[in-house]
Amino acid sequence: MNRSETRPVHVIGGGLAGSEAAWQLARAGVPVVLHEMRPFRRTEAHATDGLAELVCSNSFRSDDASHNAVGLLHEEMRRCGSLILAAADAHKLPAGGALAVDREAFSGEVTARLQAEPLVTIERGEVAGLPPPEWDQVIVATGPLTSPALAEAIHALTGEDSLAFFDAIAPIVYRDSIDMERAWFQSRYDKSGPGAAAGSDGADYINCPLDRAQYEAFVEALLAGETTEFKEWERSTPYFEGCLPIEVMAARGRDTLRYGPMKPVGLTDPRTGRRPYAVVQLRQDNALGTLYNIVGFQTKLKYGEQIRIFRMIPGLERAEFARLGGLHRNTFLNSPRLLDSRLRLRAQPRLRFAGQITGVEGYVESAAIGLLAGRFAAAERRGMEAPAPPPTTALGALLGHITGGADARTFQPMNVNFGLFPPLPAAAAGRKGRAERKPALAARALADLDRWLNAAAPAAAE
């Protein structure tokens, strides 16, 4: 088919998934209309009109491709020509073993590259309800904050209730308001991250130490703190286990935080030469180094309570907050029941879904599903059926989970993890311990991914 005569694929949603899907389609020679409702309709989580806006500089998490499944997913996406990973790599920040980015520069890069792509047309405005019938191929990548009109239309079409949970946002502190007489710079085990400068000593996080009395007083304050009230329809909505509010974690046991976001392992207070009883870590949130995010401190505490309680932390007694924590409601499909293996809605196959609305959790996973949706749609537009990535890859494992690997009766959002991968053959596994199995799974994944990409290359060139 002549590219000039190819009908466009419509992508609804300009977040990470939609932006990645549009990029993959365009790189395959398929025209795209990318619909983004901002600025005409706002959401609770967005602050700008930019495409691929992030709420956290460390949204990409670990970049270790050998020992961490999300780091492996990064590498697979890079090899697939991901726009999202290219923009992230271009705007790294120092963050230990994580891939952290300057959020504004990252969004600006994605927006500029899509605006400059001749095959991409960006249209601003809400798609209210189901797309018109003449849109014969659509990727719905509206994220966890899908507009009510579209969400209601999807519900009416499928007859299946969308599930919902709350996603929590951590506070951000101005760097110059942190007392460095009490806090210090260090990454766990002094590990430097991908954004660190050459010769970095691994001191990428600010650490605030607490002794036992300070920790117990802090937990008491969290448990007694006044929280936001949920609306009646929100009260039965479950939290996602990977992003619990700090006060909800504290309520599960006095030591829960010390073994979670406030764990002191791998850290030594230079003033005492000892590991603290507990530690609060802050991570750089912008390229200038003027803002720091309180790691793991997503919360539903009221704003006044956040300021009062978080200033109990040594080093943050005079902290000034650039952003306080909050909650927003997320919705996602029961994808194992509703979607086929190429992310098409069984009830209406012209509609594909991508991103967090499919039930993957995390920005990286969202963009990864956008990448696959874009590739599948491009192949279909050329009259072919694109092969799915092998289940031994991070991309394939994640796709397999949401399109059938998970139990539809108990389906909940899922981050990529090595538990989703097929185990190594007995002969290859041998006597490998847990630490050795991860690099072996990663090596197998990348080898299988390269074979998949090589097999797809001739068809993509047609």
Side-chain angles (χ1 to χ4, degrees), residues 56-58 61-64 66-68 70-71 93-100 170-173 175 177-197 199-223 241-285 289 292-299 309-319 433-435 438:
C56 176
S57 63
N58 195 41
R61 312 188 321 273
S62 173
D63 200 41
D64 183 347
S66 295
H67 296 85
N68 189 289
V70 76
L93 296 174
L99 174 58
I172 293 176
V173 174
R175 162 68 178 84
S177 71
I178 302 170
D179 182 2
M180 296 307 295
E181 292 297 314
R182 308 197 71 173
W184 77 96
F185 277 98
Q186 186 185 6
S187 297
R188 295 190 196 283
Y189 305 106
D190 303 310
K191 184 177 182 181
S192 296
S200 168
D201 58 3
D204 295 338
Y205 290 77
I206 293 176
N207 299 277
C208 299
L210 293 86
D211 60 26
R212 182 167 187 162
Q214 290 167 332
Y215 173 79
E216 291 179 350
F218 178 71
V219 170
E220 287 288 345
L222 282 178
L223 296 176
E241 285 292 319
C243 198
L244 289 172
I246 191 80
E247 63 277 5
V248 172
M249 285 188 276
R252 293 187 170 185
R254 297 287 172 167
D255 287 326
T256 300
L257 296 180
R258 279 209 316 128
Y259 291 95
M262 295 177 68
K263 60 180 179 290
V265 297
L267 299 168
T268 302
D269 187 338
R271 291 160 186 76
T272 65
R274 298 190 303 273
R275 186 172 76 181
Y277 188 77
V279 167
V280 171
Q281 287 197 307
L282 296 94
R283 177 183 55 243
Q284 185 175 331
D285 199 71
Y292 273 72
N293 184 293
I294 308 181
V295 179
F297 268 51
Q298 52 273 2
T299 181
I309 295 170
F310 295 158
R311 282 180 176 169
M312 295 174 63
I313 298 167
L316 301 185
E317 292 91 344
R318 293 182 294 277
R434 186 179 182 86
K438 289 180 179 180

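All residue numbers refer to positions in the sequence shown, counting from 1.
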Counting distance only, does the side-chain N/O of [X] pair as donor-acceptor with the main-chain N or O of [Y] below 3.5 Å?
| X | Y | answer |
| --- | --- | --- |
| S62 | G71 | no |
| Y215 | R258 | yes |
| R311 | A319 | yes |
| E216 | A213 | no |

About how many Å separate [atom2] of [Y] and [atom1] of [X], when rounded to the nearest 0.5 Å?
| X | Y | atom1 | atom2 | answer |
| --- | --- | --- | --- | --- |
| D285 | N293 | CG | CG | 5.0 Å |
| R182 | L210 | CZ | CG | 9.0 Å |
| L222 | T299 | CG | OG1 | 7.5 Å |

Atom of [X], atom of [Y] and distance for their closest heavy-atom approach:
| X | Y | result |
| --- | --- | --- |
| I246 | G296 | CD1-O, 3.7 Å |
| A250 | L257 | CB-CD1, 4.0 Å |
| R254 | E220 | NH1-OE2, 2.6 Å |
| M249 | L244 | CE-O, 3.4 Å |
| Q214 | P209 | OE1-O, 3.9 Å |

Verify the distance criterion only: is there a donor paired with an acceptor across the side chains of N207 and Q186 at less than 3.5 Å? no
Between M312 and E317, is the side-chain contact (heavy atoms from CB on, under 4.5 Å) condition met? List the steps. CA-CA 6 Å; M312 295 174 63; E317 292 91 344; over 6 Å; no
Per-pair distances, 0.1 Å, donor-acceptor, side chain in residues 260-269, under 3.5 Å, sequence neighbours excluded:
| unit_1 | atom_1 | unit_2 | atom_2 | d |
| --- | --- | --- | --- | --- |
| D269 | OD1 | R271 | N | 3.0 |

Kindly determine whether F310 and F297 satisfy ring-ring contact (aromatic ring centres under 6.0 Å, His included), including the steps that lead there. CA-CA 9 Å; F310 295 158; F297 268 51; 5.4 Å; yes
Criterion side chain to side chain contact (heavy atoms under 4.5 Å, CB included) against C208, the qualifying member of I294, L282, V279, D179: L282
Side chain to side chain, Y292 and I206, heavy atoms closer than 4.5 Å: yes
Is the shortest side-chain heavy-atom distance between S177 and R318 below 4.5 Å? no
I would like to know whether D204 and F185 meet side-chain contact (heavy atoms from CB on, under 4.5 Å); could you show each step before the answer? CA-CA 6 Å; D204 295 338; F185 277 98; over 6 Å; no
